[in-house]
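Right, one structure below, let's go through it.
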Amino acid sequence: MPKLLAKVEGKGNGIKTVVVNMVEVAKALNRPPTCKYPWIKISDDDDWCDDTDAEAVARRMESLTSGAKGLMLNDDLEKSPQERLDLFYEFIKKHKETGNIENLHKEVVGEAERLDIKDKAVLVLCELLLGENILQEVKTHRLLFLRFTAGNHKAQKYLLGGLEQVIKLHKDALINKVPHILKAFYDTDILEEEVLIDWSQKVSKKYVSKEVAQEIHDKAKPFIKWLQEAEEEESSDGDEEEEEEVEVVYSDRHISTSISVEKETPKPAKPAAPVDNDDDDLDIDAI
């Protein structure tokens, strides 16, 4: 059989994988090129070309490796974002119930990417993996969350929305812990300072009611204040360091040096020079 040649076309919801040499592959396998998956071996009781009902497709997907799943053409990307989030929800729920979600980080990310919902996937993770014991759960699932939020401010903003929903759901237990919750996500590098400060400046009713959102923001104020003061201190320390070390480059020499600048302190009065009639002695002050 010839080597399978595939390429990705389109973008967004219209992205698709095209098998360039479909005819040659189908001919080598003695399958019609119109078959949806001509490179898959067909068994007697499960025909890949004809048996396309949801249950049969699900069984076949389970039997494939993640690489083969990525090559398969499916209709999931044609579904709405909410429908794709629902599919991701069922995927996470299933593996959470089996207790092996922490061993499937790559598979979880791969499924989110397959469904083109990687930024929003944290909403589902919050809903299924976080609850009243959130301060412990953030430590347990830290690496999984980082796979979605590291360097991704958009995902971090969705995560804050997910946290608002979790806090609303367990309000009695969590509302007074808001500063501790935000600090836990900050200390574990899941949320960045810039995103947290930006979030604090606007109360949104996108994820919870305006009243609940306002209450969460009010409870978060001590942490946000601490965060801003820490940032100002760092900025101030950085300015002092710049003042204390000045880089001087001489244009006529290949020399670069640093000069330590210190506050000028009053010079002590010079003791009176002893009187000496010896004209041969040097006058230090005159040099």
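Keep in mind the model is a prediction, meaning the values are calculated, not measured.
No side-chain N or O of Gln165 forms a donor-acceptor pair with one of Glu127 less than 3.5 Å apart. Side-chain contact of Gln82 with Asp86: a donor-acceptor pair under 3.5 Å is present, judged by distance alone.
Without hydrogens or angle criteria, Lys205 side chain to Ala213 main chain gives no donor-acceptor distance under 3.5 Å. Listed for the Ser80 side chain is a donor-acceptor partner under 3.5 Å among the backbone atoms of Glu83. Looking only at distances, no side-chain donor or acceptor of His153 sits under 3.5 Å from a matching main-chain atom of Glu192. The backbone N or O of Gln136 lies less than 3.5 Å from no partner atom in the side chain of Asn133, so there is not a single donor-acceptor pair.
Side chains of His170 and Ile134 form no contact here, defined as non-hydrogen atoms less than 4.5 Å apart.
Nearest heavy-atom pair across Ser200 and Ile224 is OG-CG2, 3.6 Å. When all heavy atoms of Glu193 and Tyr186 are compared, the closest pair comes out as OE1-OH, 3.7 Å. In terms of heavy atoms, Ile117 sits closest to Pro81 at CG2-O, 4.5 Å. When every heavy atom of Ala112 is checked against every heavy atom of Ala121, the shortest pair comes out as CB-CB, 4.0 Å. The two residues Tyr207 and Gly161 have their closest heavy-atom pair at CD1-CA, 3.3 Å.
With rounding to the nearest 0.5 Å, the separation of CG in Asp76 from CZ in Arg114 is 4.5 Å. Between Leu196 atom CG and Leu227 atom CG the span is 6.0 Å, to the nearest 0.5 Å.
Under the salt bridge (charged side-chain N to carboxylate O under 4.0 Å, His left out) criterion, no residue pair touches residues 158-167, with sequence neighbours excluded. Sorted by first and then second residue, the ring-ring contact (aromatic ring centres under 6.0 Å, His included) pairs involving residues 93-112 (not counting sequence neighbours) are Phe91-His95.
Residues that satisfy the ring pair (Phe, Tyr, Trp, His ring centres under 6.0 Å) test with His141, not counting sequence neighbours, are absent from this structure.
Screening Arg147, Lys106, Lys118, Arg84 for a salt bridge (Lys or Arg N to Asp or Glu O under 4.0 Å) with Glu113, the sole residue that qualifies is Lys118. When each of Val195, Asp119, Val122, Leu191 is paired with Lys157, the side chain to side chain contact (heavy atoms under 4.5 Å, CB included) condition holds for Val195 and for no other.
In this structure, Lys221 is not positioned above the aromatic face of Trp226 in the sense of NZ or CZ being under 6.0 Å from the six-membered ring centre and within 45° of the axis.
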